[in-house]
Student: 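Have a look at this one before I ask anything.
Counting begins at 1 with the first residue of the sequence. Keep in mind that what you see is a predicted model, and the values were worked out from it rather than measured.
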Amino acid sequence: MKKVAVFGAGRIGRIHATNLAALSGVQLAYVCDAMPQAAADLAQTLGAAAVDIDTVLADRSVDAVAICSPTTTHSDLIARSAAAGKHIFCEKPVDLSVPRAEAVAQTVAQAGVGCMIGFQRRFDPTFNEARTRMDKGEIGTPEMLVITSRDPGAPPVEYIKQSGGIFRDMLIHDFDVFRWILCADGDEAAWLSATGSVLTNPAVGEAGDFDCTAVTIRTRKGRLCQINTTRRAAYGYDQRFEVLGSQGMLQCGNHAPSQVQQWDANGIKADKPEAFFLQRYAAAYRLEIEHFFDCLQAGKPFKTTVHDGVQAQKLADAATQSATTGQPISL
């Protein structure tokens, strides 16, 4: 039985805590949050105890922690948890600063604990099926990737101000998908160009950010990736990609609440895509936390490591610089 604590009782913390509580062979022992009542409410619902972080780190019976607290706390909690000998699952990003992210990665390596970063899209059944087929050689050598990633609406401006910007907060998932799909053989980004606009809400620009972006990446081997994003898609949460290979193409489409289509004299009607990431990636969140504990039990490497977190952060920084200066970046 693995004993685990969750740091953070907000939206993502509730998702992971609920999934952890349902896992066989795992005991959700503790919930921590800067707002004690939030921790107490979630802990009571799931049969855990609400305590402070120091209590968790001092408890030698705790095998692992899930860090679901605000971004600004991630690297510190990773370092403290590693020093306490706890295995770590941490939501993205590792840190908004690449040097701090690299430093904490070194801390994890020296502590000899496992650290998995929560890039849940790698665990989405649809996306993962595409990667499985690629690994079987069904489309030959991958050459081009096109990612569409559109939110149904922007978060509050107060959140945007402390998020690190759209490239670090939103596109970091797309940068990880790029590396997962096009760089599976060790290839990496060599050149990146990004641009951004403010088209959905002037307040986003006033906060120093973009709400629409376009990114082009070329790898060392010449493979190409294009990523288009927006904070506003009136029809729902739009999450698609297609990868072109030397012998074919794989397309991954949106998920909808149902696959029923109505055909009549007025046309064809179908459900819009899922409302947002909580619905779209519900299975992915469950599967990634299962993967975390399966790897701990079997002594196998995680699909998404702290190194992946650092590399995605480097791409986010490069995109931010490119979009701000109007110049491409050589990596």
Student: For the residue pair Asp211 / Asn201, report whether a side-chain donor-acceptor contact shorter than 3.5 Å exists.
Tutor: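 The criterion, which ignores hydrogens and geometry beyond distance, is not satisfied for Asp211 and Asn201.
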
Student: If you round to the nearest 0.5 Å, how far is CD1 of Ile53 from OG1 of Thr73?
Tutor: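 Reported to 0.5 Å precision, the distance equals 7.0 Å.
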
Student: Checking the side chain of Asp308 only, and the main-chain atoms of Thr305 only, is there a donor and an acceptor separated by less than 3.5 Å?
Tutor: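 Checking the backbone N and O of Thr305 against the side chain of Asp308, a donor-acceptor pair under 3.5 Å is found.
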
Student: Where do Thr230 and Thr200 land on the side chain to side chain contact (heavy atoms under 4.5 Å, CB included) test, with the steps shown first?
Tutor: CA-CA 9 Å; Thr230 179; Thr200 76; 4.1 Å; yes

Student: Side-chain donor-acceptor pair under 3.5 Å between Arg286 and Tyr281, yes or no?
Tutor: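 Side chains of Arg286 and Tyr281: no pair found under 3.5 Å.
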
Student: What's the spacing between Arg231 CZ and Phe210 CZ if we round to 0.5 Å?
Tutor: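 Between atom CZ of Arg231 and atom CZ of Phe210 there are 12.5 Å.
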
Student: Quick check: does any side chain N or O of Ser330 sit under 3.5 Å from a backbone N or O of Trp191, one acting as donor and the other as acceptor?
Tutor: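 No; judged by distance alone, with no hydrogens or angles, the pair does not exist.
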
Student: Report yes if the side chains of Leu96 and Thr71 come closer than 4.5 Å at any heavy-atom pair, otherwise no.
Tutor: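 SC-SC contact between Leu96 and Thr71 confirmed.
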
Student: How many angstroms lie between CD in Glu143 and OG1 in Thr219, if you round to the nearest 0.5 Å?
Tutor: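 Reported value, rounded in 0.5 Å steps: 10.5 Å.
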
Student: Please find the pair of heavy atoms, one from Val310 and one from Val94, that lie closest to each other, and give the distance.
Tutor: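 The pair with the smallest heavy-atom distance is N-CG2, 4.5 Å.
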
Student: Enumerate the residue pairs fulfilling salt bridge (charged side-chain N to carboxylate O under 4.0 Å, His left out) with a member in residues 316-331, sequence neighbours excluded, ordered by first and then second residue.
Tutor: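 Qualifying pairs: Arg168-Asp317.
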
Student: Taking Thr320 for its side chain and Ala316 for its backbone only, find out whether a donor-acceptor pair lies under 3.5 Å.
Tutor: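 Here the side-chain-to-backbone pair exists.
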
Student: Is the number of heavy atoms from other residues, nucleotides or ligands under 6.0 Å of Gln279 CD greater than 12?
Tutor: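 Check passes, neighbour count above 12.
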
Student: Do Phe167 and Val215 make a side-chain contact, defined as non-hydrogen atoms from C-beta onward lying under 4.5 Å apart?
Tutor: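 A side-chain contact exists here, since the closest heavy-atom pair is under 4.5 Å.
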
Student: Taking the side chain as every heavy atom from C-beta outward, state whether Pro273 and Asp238 have any pair of such atoms under 4.5 Å apart.
Tutor: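 Not touching, per the 4.5 Å side-chain cut-off.
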
Student: For Asp41 and Gln37, run side chain to side chain contact (heavy atoms under 4.5 Å, CB included): C-alpha distance rounded to whole Å, both residues' side-chain angles, the deciding distance at 0.1 Å, then the answer.
Tutor: CA-CA 6 Å; Asp41 291 345; Gln37 191 58 53; 2.7 Å; yes

Student: Determine, using ring centers only, whether Phe292 and His87 are less than 6.0 Å apart.
Tutor: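 Between His87 and Phe292, the centre distance exceeds or equals 6.0 Å.
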
Student: Salt bridge check, Asp185 against Arg223: does any charged N sit closer than 4.0 Å to a carboxylate O?
Tutor: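 A salt bridge is present here (some side-chain N lies under 4.0 Å from a carboxylate O).
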
Student: Considering all heavy atoms of both residues, which atom of Ala190 and which atom of Arg220 are nearest to each other, and what is their separation?
Tutor: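 Where Ala190 meets Arg220 most closely, the heavy atoms are CB-N, 3.7 Å.
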
Student: Would you tell me whether Asp135 and Thr132 have side-chain atoms, one donor and one acceptor, within less than 3.5 Å of each other?
Tutor: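 The criterion, which ignores hydrogens and geometry beyond distance, is not satisfied for Thr132 and Asp135.
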
Student: Are any non-hydrogen side-chain atoms of Ile227 and Phe175 less than 4.5 angstrom apart?
Tutor: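 Yes, at least one pair of side-chain atoms sits under 4.5 Å.
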
Student: Is Leu287 reachable from Trp180 through a run of hydrophobic residues whose side-chain heavy atoms are each under 4.5 Å from the next?
Tutor: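 In one cluster with Trp180: Leu287, no.
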
Student: Quick one: do the Arg121 and Gln239 side chains pair a donor with an acceptor below 3.5 Å?
Tutor: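 Looking only at side-chain atoms, Gln239 and Arg121 do form a donor-acceptor pair, the distance falling under 3.5 Å.
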
Student: Are Val306 and Val177 connected into the same hydrophobic cluster when the rule is that any two of I, L, V, M, F, W, Y join if their side-chain heavy atoms are below 4.5 Å apart?
Tutor: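 Not linked; separate clusters.
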
Student: Listed by chain and number, what are the side-chain hydrogen bond (donor to acceptor under 3.5 Å, both in side chains) partners of Gln110, not counting sequence neighbours?
Tutor: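 Expected list: none.
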
Student: Without placing hydrogens or testing angles, list every side-chain donor-acceptor pair under 3.5 Å for residues 2-13, not counting sequence neighbours.
Tutor:
residue : atom : partner : partner atom : Å
Lys3    : NZ   : Ser61   : OG           : 2.9

Student: Can you name the residues that form a ring-ring contact (aromatic ring centres under 6.0 Å, His included) with Phe241, not counting sequence neighbours?
Tutor: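 For Phe241, the residues satisfying ring-ring contact (aromatic ring centres under 6.0 Å, His included) (neighbours in sequence not counted) are Phe127.
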
Student: If you take all heavy atoms of Ile181 and Pro142, which pair is closest and at what distance?
Tutor: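 That would be O-CG, 4.5 Å.
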
Student: Report yes if some heavy atom in the side chain of Leu20 is under 4.5 Å from a heavy atom in the side chain of Phe293; otherwise report no.
Tutor: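 Yes, close enough: below the 4.5 Å cut-off.
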
Student: Quick one: does Asp209's side chain have a donor or acceptor within less than 3.5 Å of a partner on Val204's backbone?
Tutor: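 A pair under 3.5 Å: no.
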
Student: Could you tell me if the side chain of Phe89 sits less than 4.5 Å from the side chain of Ile117, heavy atoms only?
Tutor: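 Not touching, per the 4.5 Å side-chain cut-off.
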
Student: Around atom CD of Gln162, are there more than 12 heavy atoms of other residues, nucleotides or ligands at under 6.0 Å?
Tutor: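 Yes, the 6.0 Å shell around CD holds more than 12 heavy atoms from other groups.
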
Student: A side-chain contact here means heavy atoms from C-beta on lying under 4.5 Å apart; do Leu57 and Ser81 qualify?
Tutor: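 Yes - at least one pair of side-chain heavy atoms lies under 4.5 Å apart.
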
Student: State the CG-CZ distance between Asp174 and Arg179, to the nearest 0.5 angstrom.
Tutor: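 Asp174 atom CG to Arg179 atom CZ measures 14.0 Å (nearest 0.5 Å).
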
Student: List the residues meeting ring-ring contact (aromatic ring centres under 6.0 Å, His included) with His255, not counting sequence neighbours, and say none if there are none.
Tutor: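 ring-ring contact (aromatic ring centres under 6.0 Å, His included) check on His255 returns nothing, list empty.
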
Student: Compare every heavy atom of Pro93 with every heavy atom of Ile172, then report the nearest pair and how far apart it is.
Tutor: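 Between these two residues, the closest heavy atoms are CD1-CB, 3.8 Å.
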
Student: Evaluate Gln261 against Lys269 for side chain to side chain contact (heavy atoms under 4.5 Å, CB included), listing each step before the verdict.
Tutor: CA-CA 6 Å; Gln261 292 185 339; Lys269 300 177 183 178; over 6 Å; no

Student: Could you tell me whether Asp169 and Lys92 make a salt bridge, using a distance below 4.0 angstrom between a side-chain N and a carboxylate O?
Tutor: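 Result for this pair is yes, salt bridge flagged.
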
Student: Restricting to non-hydrogen atoms, name the atom on Val157 and the atom on Ala207 that form the minimum distance, rounded to 0.1 Å.
Tutor: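 That would be CG1-CB, 3.9 Å.
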
Student: Does one side chain, of Glu242 or Gln251, offer a donor that lies under 3.5 Å from an acceptor on the other?
Tutor: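 Side-chain D/A pair, Glu242 to Gln251: present.
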
Student: Are Ser149 and Thr229 close enough that a side-chain donor and a side-chain acceptor fall under 3.5 Å?
Tutor: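 Absent: no donor and acceptor within the cut-off.
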
Student: Cys212 and Ile166: which non-hydrogen atoms are nearest, and at how many Å?
Tutor: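 Smallest heavy-atom distance, with atoms named: N-CD1, 4.5 Å.
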
Student: When you look at NZ of Lys300, are more than 12 heavy atoms from neighbouring residues, nucleotides or ligands closer to it than 6.0 Å?
Tutor: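 Counting other residues, nucleotides and ligands, NZ of Lys300 stays at 12 neighbours or fewer.
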
Student: Working note: Lys221 + Asp187, criterion salt bridge (Lys or Arg N to Asp or Glu O under 4.0 Å); need CA distance, chi angles, decisive distance, verdict.
Tutor: CA-CA 7 Å; Lys221 296 184 177 181; Asp187 198 5; 5.6 Å; no

Student: Side chains of Leu46 and Val31, heavy atoms from C-beta outward: is any pair under 4.5 Å?
Tutor: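 Sidechains of Val31 and Leu46: no contact.
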
Student: Can you sort out the partners of Glu129 under side chain to side chain contact (heavy atoms under 4.5 Å, CB included), two or more places apart, ordered by chain and number?
Tutor: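 Checked Glu129 against side chain to side chain contact (heavy atoms under 4.5 Å, CB included); matches are Arg133.
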
Student: Does a side chain donor of either Gln226 or Asn228 reach within less than 3.5 Å of an acceptor in the other side chain?
Tutor: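 Result is no, nothing qualifies.
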
Student: I'd like to know if the side chain of His16 and the backbone of Ile289 have a donor-acceptor N/O pair within less than 3.5 Å.
Tutor: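 Answer holds: no.
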
Student: Answer yes or no: is there a donor N or O on one side and an acceptor on the other, between the side chain of His291 and the main chain of Lys303, under 3.5 Å?
Tutor: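 Such a contact is found between His291 side chain and Lys303 backbone.
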
Student: Measure the spacing between CG of Leu192 and CD1 of Ile217 and express it to the nearest 0.5 Å.
Tutor: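 Going from CG on Leu192 over to CD1 on Ile217, the span is 5.0 Å.
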
Student: Using atom types as modelled and distance alone, determine if a side-chain donor or acceptor of Thr55 lies under 3.5 Å from a backbone N or O of Val51.
Tutor: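 Here the side-chain-to-backbone pair does not exist.
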
Student: Could you tell me if Asp124 and Gln120 have a donor-acceptor pair between their side chains, going purely by distance under 3.5 Å?
Tutor: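 Judged by distance alone, the side chains do not pair up.
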
Student: Return the CD1 to CG distance between Ile147 and Leu171, rounded to the nearest 0.5 Å.
Tutor: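 It comes to 8.5 Å.
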
Student: Side chain of Ser322, backbone of Ala194: donor and acceptor closer than 3.5 Å?
Tutor: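 Side chain of Ser322 to backbone of Ala194, a donor-acceptor pair under 3.5 Å: yes, one is there.
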
Student: Could you go through Val98 and Glu102, starting from their C-alpha distance and side-chain angles, then the distance that decides it, and tell me whether this counts as side chain to side chain contact (heavy atoms under 4.5 Å, CB included)?
Tutor: CA-CA 6 Å; Val98 168; Glu102 291 177 323; 3.8 Å; yes

